[in-house]
Amino acid sequence: MEATRSVRERQPTGWTVFAGMVLFIVGSLDALWGLAAILNDDIVIVGGQGALVADITLWGWVHLLLGSAMALTGLGLFAGSSGARWLAVIFVAVNAIAQIVWFPAAPLWAFLIIILDITIIYQLTVRWED
């Protein structure tokens, strides 16, 4: 009976799988956006005015690395790992804050990613089953 309970506890819930899939998609999109910024920062800038903290290429590297880590953490959520849940909450919170820097370059993109980040945090924290 104890072995059955421990196997059942490791099974991811539907909300965890949803959050993992959205996290994987957001991380992949973030990594691709970062790669585009690294390869050609003239194409990445959509328009708008404002002060950027650093140049687009530097933030491209930040988003490439952060997006890759987020996508891998999303895969960890499929296994039902509580460690992946903690990492996902941390990575997504950092990503939401980092998207604020993109507002002058691409406001719609940054706004949509922040909304998806908040959705992921909600699904991972409200439905926490430990």
Q) With sequence neighbours excluded, what pairs up with I97 under the side-chain contact (heavy atoms from CB on, under 4.5 Å) test? A) none
**Q.** Interatomic distance, L32 atom CG to H63 atom NE2 [nearest 0.5 angstrom]
**A.** 13.0 Å
Q | Residue pair Q99 / D30, side-chain heavy-atom distance below 4.5 Å | A | yes
Q. Taking only residues two or more places apart in sequence or in another chain, which ones pass side-chain contact (heavy atoms from CB on, under 4.5 Å) with I121?
A. V92, A93, T125
Q: Looking only at non-hydrogen atoms, find the nearest pair between L23 and A88 and report the distance.
A: CD2-CB, 3.6 Å
**Q.** V62: partners by side-chain contact (heavy atoms from CB on, under 4.5 Å), with sequence neighbours left out
**A.** W59
**Q.** Inter- and intrachain pairs under side-chain hydrogen bond (donor to acceptor under 3.5 Å, both in side chains), touching residues 111-120, at least two apart
**A.** N95-D117
Q) Quick one: are L112 and L116 in side-chain contact, heavy atoms under 4.5 Å? A) no
Q: Rounded to the nearest 0.5 Å, what's the gap from CD1 on I113 to CH2 on W109? Could you check?
A: 4.5 Å
Q) Can L65 be reached from M70 by stepping across I, L, V, M, F, W or Y side chains whose heavy atoms are under 4.5 Å apart? A) no
Q.
Could you report the tightest heavy-atom contact between L77 and R85, atom names first, then the distance?
A. CD2-CG, 3.5 Å
Q | side-chain contact (heavy atoms from CB on, under 4.5 Å) partners for L75, two or more places apart | A | F24, L72, F78
Q. Could you go step by step and tell me if L64 and W33 meet the side-chain contact (heavy atoms from CB on, under 4.5 Å) rule?
A. CA-CA 7 Å; L64 176 65; W33 182 259; over 6 Å; no
**Q.** Heavy-atom closest contact (L124 atom, A19 atom, distance)
**A.** CD2-CB, 3.7 Å
Q: Could you go through the side-chain contact (heavy atoms from CB on, under 4.5 Å) check for V26 and V22 one step at a time?
A: CA-CA 6 Å; V26 168; V22 174; 4.1 Å; yes
Q) To the nearest 0.5 Å, what is the distance between CG (L66) and CZ (F91)? A) 7.0 Å
**Q.** Minimal non-hydrogen separation, A84 against G76, with atom names
**A.** CB-C, 3.7 Å
Q: Look up atom CD1 in I120 and atom OG1 in T73, then write down how far apart they are to the nearest 0.5 Å.
A: 10.5 Å
